[in-house]
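As structure tokens, the structure follows; a few thoughts come after it.
Each chain gets a letter, A, B and so on, in the order its sequence line appears, and its residues count up from 1. The figures that follow rest on heavy atoms only: side chains count, while hydrogens, waters and symmetry mates do not. Computed from a prediction, not measured in an experiment: that's the story for all the values here.
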There are 2 protein chains.
Amino acid sequence: MNLKNQVEWALHCCAVMCSLPDGRFLSTKALSEFHGVPKEYLSKALQSLSRAGLVETTPGAAGGYRLARSPAAVSFLDIVEAVEGRKSTFLCANIRANNPCRPRGHCDDGPCPIARVMWQADEAWRRSLASVSLHDLSGELARTVPGDVLARSQNWLLDRAG
Amino acid sequence: MNLKNQVEWALHCCAVMCSLPDGRFLSTKALSEFHGVPKEYLSKALQSLSRAGLVETTPGAAGGYRLARSPAAVSFLDIVEAVEGRKSTFLCANIRANNPCRPRGHCDDGPCPIARVMWQADEAWRRSLASVSLHDLSGELARTVPGDVLARSQNWLLDRAG
DNA sequence: GGAACCCTACTCGGATACGGCGTGTCCGAGTGGCTTCGG
DNA sequence: CCGAAGCCACTCGGACACGCCGTATCCGAGTAGGGTTCC
């Protein structure tokens with residue numbers, strides 16, 4: 001019951017893409033070196049984001065990624081689901097149907113009450129993630145990270161991207 | 001990012017233990033046959049519940065499991081955490097520390113803002129699970145499952161347990 | 001008839017095997033920008 | 001001097017290897033109750 005580390009990487013990549021000037025892209029290479037993670041594997045996470053329509057890509061030299069929408073329109077849930085998938089955490093095998101005392105054809109329709117509780121918790125998790133956008137995160141970062149570190153990071157990335 | 005199927009089994013086992021008369025125990029064998037799951041493996045889930053103090057055991061013949069507390073005092077979260085563990089679903093590797101522009105010793109204290117959002121969602125998930133008790137589940141079952149099926153299941157289990 | 005004994009059924013923990021998936025790497029196809037070469 | 005061809009860097013997708021963990025099974029130690037046997 002762990003989220004994959006690609007989720008963390010994708011979130012950090014989206015975070016640095018928030019303050020990307022128009023017309024610029026961040027390459028996988030720059031992002032991987034900036035975060036200290038393997039380039040080829042990080043590429044998988046970015047491809048997931050691309051498949052989900054959260055980021056745009058440009059092929060070729062000076063290519064790379066940038067956000068496809070405004071930071072305020074991208075929630076944590078969007079990113080987590082892009083990487084992790086949209087299926088529920090709890091998989092109901094409907095084992096109540098194995099009850100030897102259950103008449104045939106009974107309990108086959110309608111969700112299992114136990115599954116319903118688990119799915120409600122899943123919903124709460126998703127709601128919480130959906131309530132925070134990349135814009136909110138940017139604000140939080142601007143408040144907690146010294147301005148010079150932010151600016152230097154920005155320049156460091158732009159130096160290495162098209 | 002899936003909960004193990006043992007979670008589902010443990011929840012169903014706890015559900016049937018709710019209406020167990022005082023002084024009686026349900027054996028692993030009975031529980032496994034009732035739910036149609038492998039006995040030896042279900043035993044692992046029950047052992048997890050036992051380790052967490054949610055159920056009591058009696059060794060020997062006519063032995064088995066019963067709830068250690070009243071159904072109202074056992075939440076879904078208790079059961080899920082007993083089987084799945086108590087650690088968060090999001091593991092923060094603190095990759096922001098790899099930022100080449102970050103001055104040494106900076107950002108090392110205080111949680112990563114991204115991790116904080118993920119942990120808040122985790123908290124929401126846990127709160128949702130903690131808000132439903134086995135007592136609530138029993139009520140829901142009594143409302144949705146026909147009384148004769150409940151009674152017959154009860155007797156079926158008691159016939160096979162001490 | 002009562003007590004001691006054995007047998008059985010169960011819990012509990014460890015050991016083991018297998019498969020799937022997360023993790024990580026490598027490679028080839030496609031594409032766009034830059035450099036270089038030729039007219 | 002200018003256009004075209006080649007080169008390079010990057011994206012994207014697939015293939016592959018490795019290791020961990022969830023799944024599943026088996027076995028032995030310990031224990032309590034019931035049946036059996038012996039006094």
Which listed nucleotide (C:dC12, D:dT25, D:dA24) is nearest to the side chain of B:W9? D:dA24

Would you tell me if any nitrogen or oxygen in the side chain of A:T58 comes within less than 4.0 Å of OP1 or OP2 on D:dC10? no

Hey, which sits more toward the 5' end of DNA chain C by its nearest nucleotide, A:L42 or B:R51? B:R51

Separation of C:dG14 atom P from B:Q47 atom CD, nearest Å, is 9 Å

Should A:K39 and A:E33 be marked as a salt bridge (charged side-chain N to carboxylate O under 4.0 Å, His left out) after you check the CA-CA gap, both sets of side-chain angles, and the distance that decides it? CA-CA 8 Å; A:K39 165 180 171 297; A:E33 289 175 359; over 6 Å; no

Let me know the distance between CD of A:Q6 and C1' of C:dG22, rounded to the nearest Å. 8 Å

Roughly how far, to the nearest 0.5 Å, is the CG atom of B:N2 from the CD atom of A:E84? 8.5 Å

Can you label the angle between the B:F34 ring and the B:W156 ring as parallel, tilted or perpendicular, going by 30° and 60°? tilted

Nearest-Å distance for atom pair CG/C1', residues A:L46 and D:dT11: 10 Å

note: A:R66, atom CZ; D:dT11, atom P; distance rounded to Å ~ 14 Å

Has the side chain of A:K44 got a donor or acceptor atom sitting under 3.5 Å from an opposite partner on the base of D:dG14? yes

Closest to the B:A61 side chain: C:dT25, D:dC26, D:dG33? D:dG33

Closest non-hydrogen contact found for A:R126 with A:L77 is O-CD2, 3.7 Å

B:Y65, nearest nucleotide to its side chain (from C:dC26, D:dT11, C:dC12): C:dC12

Rounded to the nearest Å, what distance is computed from the CG atom of residue B:L91 to the C1' atom of nucleotide C:dT23? 14 Å

Between OH of A:Y41 and C1' of D:dC16 the distance, given in whole Å, is 14 Å

Would you please confirm or rule out a distance under 4.0 Å between OP1 or OP2 of C:dG22 and any side-chain N or O of A:N5? no

From NZ of B:K4 across to C1' of D:dA24 the rounded distance in Å is 13 Å

Out of curiosity, A:L54 CG to A:L67 CG, how far, rounded to the nearest 0.5 Å? 8.5 Å

May I ask you to verify if any side-chain N or O of A:T28 is less than 4.0 angstrom from the OP1 or OP2 atom of D:dC10? no

Take atom CE of A:M1 and atom P of C:dG20, then tell me their distance rounded to the nearest Å. 22 Å

Identify which nucleotide among C:dT31, C:dG24, D:dC26 has an atom closest to any side-chain atom of B:E40, counting heavy atoms from C-beta outward. D:dC26

